[in-house]
Amino acid sequence: MATKGMGTKFNIGTEDSKKTVAELTEIGGMELSADTIEVTTLDSPDGYREFIQGLKDAGEVSLSGYFNPTVGKGQKEVYELFESGELTSFEIEFPPSLGAKWAFKGVVTSISTSAPMEDNIPFEASIKVSGKPTLTVS
């Protein structure tokens, strides 16, 4: 059964020091992919190339929402992580009805704001996933 994304949270840190980033309207998901390595030989059947899986990459997680740099709202902390370049623990926590979450380490690679005349001030950020993410389903 399909579940809407309302109630999904993006957290910085681990269980004992978790901070939720507020005012988000969208959290881009994991972009898992893998390179391929060609292993074709003169003995490969039927004239087709053959491949095995190479290194995996978990991609980037994007954040979109409304700009609110107030201390404690998480966006200021995202900016501070961009400035420090620190490898940090993050979590995408889906609504309780799903009982699922992604946990991963990453570095903040971009932050963007603008000031439109007749709309809310947007906030966007990207986090490059480093290493293997973990999907937990309870």
Side-chain angles (χ1 to χ4, degrees):
M1 176 185 212
T3 302
K4 61 184 173 184
M6 292 293 293
T8 301
K9 298 176 183 175
F10 187 82
N11 302 313
I12 302 169
T14 57
E15 287 299 320
D16 54 337
S17 65
K18 192 185 316 185
K19 179 174 294 287
T20 300
V21 179
E23 308 277 341
L24 296 179
T25 57
E26 184 174 348
I27 302 167
M30 290 289 158
E31 301 172 357
L32 303 176
S33 66
D35 294 332
T36 56
I37 301 168
E38 184 178 357
V39 294
T40 309
T41 68
L42 294 173
D43 299 320
S44 294
D46 304 318
Y48 281 89
R49 294 183 187 278
E50 295 179 306
F51 298 89
I52 60 172
Q53 188 180 65
L55 292 174
K56 299 172 190 168
D57 187 340
E60 289 192 348
V61 172
S62 60
L63 306 176
S64 298
Y66 303 121
F67 185 53
N68 186 345
T70 307
V71 172
K73 297 291 187 180
Q75 293 180 9
K76 185 174 186 314
E77 288 79 358
V78 171
Y79 168 71
E80 289 167 352
L81 288 170
F82 173 79
E83 284 298 322
S84 74
E86 181 181 335
L87 184 65
T88 304
S89 295
F90 296 98
E91 179 182 83
I92 300 171
E93 186 179 346
F94 294 101
S97 62
L98 282 179
K101 65 182 175 182
W102 280 108
F104 61 96
K105 291 190 179 288
V107 292
V108 178
T109 58
S110 70
I111 294 178
S112 173
T113 61
S114 62
M117 186 171 72
E118 294 188 26
D119 204 354
N120 293 307
I121 297 175
F123 167 83
E124 294 184 352
S126 291
I127 294 122
K128 178 62 179 161
V129 180
S130 177
K132 179 181 179 180
T134 303
L135 177 62
T136 304
V137 180
S138 57

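A donor-acceptor contact shorter than 3.5 Å is absent between the side chain of E124 and the backbone of G65. Between the S114 side chain and the P116 main chain, no donor and acceptor come within less than 3.5 Å of each other.
Of the inter-residue distances, the one linking I121 atom CD1 with E23 atom CD reads 11.5 Å to the nearest 0.5 angstrom. Rounding to the nearest 0.5 Å gives a distance of 10.5 Å between CE of M30 and CD1 of I27. Rounding to the nearest 0.5 angstrom, the gap separating the NZ atom in K9 from the NZ atom in K19 is 13.5 Å. With rounding to the nearest 0.5 angstrom, the CD atom of E80 is 11.0 Å from the OG1 atom of T88. Interatomic distance, T113 OG1 to F123 CZ, rounded to the nearest 0.5 Å: 9.0 Å. Here the straight-line distance linking atom CE of M6 with atom NZ of K4 works out to 6.5 Å at 0.5 Å rounding.
Shown here are the side chain to side chain contact (heavy atoms under 4.5 Å, CB included) partners of I52, two or more places apart in sequence or in another chain: I37, V39.
If you check the side chains of E50 and S44, you find a donor sitting under 3.5 Å from an acceptor.
Looking at V21 and K73, their side chains never come closer than 4.5 Å, going by heavy atoms from C-beta outward. At least one side-chain heavy atom of I12 sits less than 4.5 Å from a side-chain heavy atom of F90. For the pair E93/N11, a side-chain contact is recorded, criterion being any heavy-atom separation below 4.5 Å from C-beta on. Annotation: side chain of T70 is not in contact with side chain of K76 (no heavy-atom distance under 4.5 Å). The side-chain heavy atoms of S112 and S110, taken from C-beta on, include no pair separated by under 4.5 Å.
Crowding of Y79 atom OH: a count of heavy atoms from other residues, nucleotides or ligands under 6.0 Å not exceeding 12. Residue Y66 qualifies as open at atom OH: its count of foreign heavy atoms under 6.0 Å is 12 or below.
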Exercise for review: Apply the test side-chain contact (heavy atoms from CB on, under 4.5 Å) to residues T40 and F51: give CA-CA distance (whole Å), side-chain angles for both, the deciding distance (0.1 Å), then the verdict.
Suggested key: CA-CA 7 Å; T40 309; F51 298 89; 5.6 Å; no
Output side-chain donor-acceptor pairs under 3.5 Å for residues 55-63, partner residues at least two apart or in another chain, one line each.
| residue | atom | partner | partner atom | Å |
| --- | --- | --- | --- | --- |
| D57 | OD1 | G59 | N | 2.8 |
| D57 | OD1 | K128 | NZ | 2.8 |
| D57 | OD2 | K128 | NZ | 3.3 |

For residues 97-109, which side-chain N or O atoms pair as donor and acceptor with protein atoms under 3.5 Å away, sequence neighbours left out?
| residue | atom | partner | partner atom | Å |
| --- | --- | --- | --- | --- |
| K101 | NZ | E15 | OE2 | 3.3 |
| K101 | NZ | E91 | OE2 | 3.3 |
| K105 | NZ | S89 | OG | 3.2 |
| T109 | OG1 | S126 | O | 3.3 |

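In terms of hydrophobic clustering, with Ile, Leu, Val, Met, Phe, Trp and Tyr side chains grouped at heavy-atom distances under 4.5 Å, L87 and I127 are assigned to different clusters.
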